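Below, read A as the first sequence line, B as the second, and so on, with proteins coming before strands; counting in each chain starts at 1. Predicted model, so just to flag it, every value in this text is computed and none were measured.
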Number of protein chains: 2
Amino acid sequence: MTMVVTLKEVAERAGVSRSAVSRAFTDGASVSDKMRRKVEKAARELGYSPNALASSLTTGRTKLIGLVSNNFHNPIFLEVFDLFTRGLQDRGLRPLLVNLTDETDPENSVRMLRQYSVDGVVVASSTLPPGFAKAFRDARVPVVHSFGRYSSAPQVHVVGIDNMECGRMAVRELAARGHKKIAFLGGPETATSTQDRLSGFMQEVAQHPKIKAAYSYANAYSFEAGRHEMLRLLEQPNHAEAYFCGDDVLSIGALSAIRERGLSVPDDIGILGLNDMEMSGWENINLTTIHQPIRQIITSSIELMVAMLDEPDRYPEARIFPCSVVERGTLKLITK
Amino acid sequence: MTMVVTLKEVAERAGVSRSAVSRAFTDGASVSDKMRRKVEKAARELGYSPNALASSLTTGRTKLIGLVSNNFHNPIFLEVFDLFTRGLQDRGLRPLLVNLTDETDPENSVRMLRQYSVDGVVVASSTLPPGFAKAFRDARVPVVHSFGRYSSAPQVHVVGIDNMECGRMAVRELAARGHKKIAFLGGPETATSTQDRLSGFMQEVAQHPKIKAAYSYANAYSFEAGRHEMLRLLEQPNHAEAYFCGDDVLSIGALSAIRERGLSVPDDIGILGLNDMEMSGWENINLTTIHQPIRQIITSSIELMVAMLDEPDRYPEARIFPCSVVERGTLKLITK
DNA sequence: ACAATATTTGCAACCGGTTGCAAAATTTCA
DNA sequence: TGAAATTTTGCAACCGGTTGCAAATATTGT
């Protein structure tokens, strides 16, 4: 159909064996310069390029990496996909993108990715349960869980941040600005990132006897969810002075709700986000937020994946990167 | 290494031939119920699932679709990737994501995608020259250029909008609101979408003798580029009353610049965008814009791709979807 | 110039499946 | 019940490459 040139035809044209052609195209193989030139000439004339899938059959390596996620409504994930695809490409790996939105069962995706013999899988999500990543490990395919839950006994490789510490950091930050009545507006209750941020948040609150804290959840990491939850909160008799939102996009939704109700930020209500996505720095958003070093997380995830390709049974580790507050316009300045 | 179960082992366990196992897993094949049950039992016990890549070798179909783009800084593309990946998955196709940022030469990507024997390629970009899509056609791989340039003599399948008509529509819209001094703030000059929108814009301006029009370009479809160009324009002695920006993200950048200069929208300056991405509807953005029906464009692109898999030499067509203005807060209301 | 050594090449089997064809088994019908 | 028609099964070759091994060729040292 597609008239694709095969190795055999190149061999015939060059008047050499098929193995010779194969060797000319695999570096490190034993080929003389003369032979290589002869083969390359024939290949060029025929427009040949080797079939990566056929060769994977014998080499056992496809250079395909499953990139699975379910965050297609959080703008930070555009940055995530950009960094992942470029990083993988730069190392000669190909991302097979899997959209897990609405998928509750790891089975299907595991099966599918095994059918395509991916060399490894990157699970890029904090809203997918840890069991999802583990399912890949159980199927004996190397897996890195980026933005996953850090645990003292990691079952799979995790690269991300310390979400509990972020929760604590948020409270310290709000406390330093003199807020006495604060709240956590989390993402979906089932997301490990939400759970951990909340638990760090509450842990730190316990250290500040004068601070009153509350919490509630949005049902997704999305603008609409944040807006909806904040509208609900504003209908309650006495809302908090400042909110730590579990994500920037949630924060932006909350900001929208607050302004719609005629309140002003940061004077009436303060907002602290988490992620520091590109958009949060835009002047029309200007969100004070905790920076998550996604560039480093992704680079490190890829390096870890590459290392695992050589050493599949590598002992699992967690790579945790520190976060820090970036000061913009949605939180009052610190009063000294 | 990965202890993967092969068809041969299933055959041995079930006590049947290898072909029998193969047939049990391809629907439409001639197998008795008894045989199928026997094979399925053995397969289940062994945890077998067929190797899609190996079978592609003989069937000539990988069900892999290259999804190539270079728009990783325009939030609308998160929606685009979401819709494409889900749409492809729903039809049993797998998106192989290719990030063409910084890539100027189609050669590499064509070669790479051929090595992986993709069944087809979707080029999702209006900032990639038409030659990019054509390179795939020349390599005899089915290609659909989504968001591509509509031409009366299409060389490849194009699914998108009539960009010239959008330009005209923008002028009519601004004229109807009584603006006499308008301008087009385009994306990169090399993007066909920019060229066409500008040419439609100018064409329509010629129909309105009282209207004065100018135009300039941002160097990318991104927030920063839009903001930067608008800041530059505001330094000129007399800027326009209303701008048609070639994209929503550009518009948002422009809004940020305008407000930073202490001007108000839409009273001092009006902005009309194009795309109607999710974010444009957010209350803190609230952009008046021309809606591009991306959902329909993507559904149609996928349907076209599926059709081409059966009929690779299908006569090229252009599928054009109408756009329409969605009224929000960045343009004065029409004065009757 | 010749033997010893090192490098390059081709043969043939294999990777994990699919498929045309003919033999074997089953069903249909008289 | 038996022959004809139909369905199911297995054999063997093939898809496009890779690789261990032995034969062929080239290089080195004396």
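OP1 or OP2 of C:dG10 has at least one side-chain nitrogen or oxygen of A:Ser17 nearer than 4.0 Å. Between C:dT8 and A:Ser30, a contact under 4.0 Å exists linking OP1 or OP2 to a side-chain N or O. OP1 or OP2 of C:dT9 lies within a sub-4.0 Å distance of a side-chain N or O belonging to A:Ser32. In this model, the phosphate group of D:dC14 is not approached by any side-chain N or O of B:Thr58 to a distance below 4.0 Å at OP1 or OP2. Dashed line: the shortest gap from a side-chain N or O of A:Tyr48 to OP1 or OP2 of D:dG17 is under 4.0 Å. When the side-chain nitrogen and oxygen atoms of B:Ser55 are compared with OP1 and OP2 of C:dG17, none of them lie within a distance under 4.0 Å.
Remark: P of D:dG16 and CG of A:Leu57 are 12 Å apart, rounded to the nearest angstrom. Remark: C1' of C:dT9 and CZ of A:Arg18 are 14 Å apart, rounded to the nearest angstrom. We find that CG of B:Leu53 is positioned 17 Å from P of C:dC15, with the value rounded to whole Å. Computed from coordinates, the A:Leu7 CG to C:dA12 P distance equals 17 Å when rounded to whole Å.
In the model, A:Ser125 has a side-chain atom that pairs as donor or acceptor with a side-chain atom of A:Asn70 under 3.5 Å. When only modelled atom types and interatomic distance are considered, B:Gln155 and B:Arg137 share a side-chain donor-acceptor pair under 3.5 Å.
Here B:Val31 lies in heavy-atom contact (under 4.0 Å) with sugar-phosphate atoms only. Residue B:Ser19 is classed as a base contact, given a heavy-atom separation below 4.0 Å to a base.
Residue B:Pro50 has its side chain nearest to C:dG17 when only D:dG20, D:dG10, C:dG17 are considered. Listed nucleotides C:dG16, D:dG17, D:dT9 differ in distance to B:Ala54; the shortest reach to its side chain belongs to C:dG16. Side-chain atoms of A:Asn51 lie closest to D:dG17 of the nucleotides D:dG10, C:dT18, D:dG17. You'll find that the side chain of B:Arg23 is closest to D:dT9, out of C:dT9, D:dT9, D:dT19.
Where A:Lys34 and A:Phe25 each meet DNA chain D at their nearest nucleotide, the meeting point lying more 5' is that of A:Phe25.
B:Gln89 contributes a side-chain N or O that, together with a main-chain N or O of A:Asn99, makes up a donor-acceptor pair within less than 3.5 Å.
The aromatic rings of A:Tyr48 and A:Phe25 stand perpendicular to each other, their planes meeting at an angle above 60°, with 30° marking the opposite boundary.
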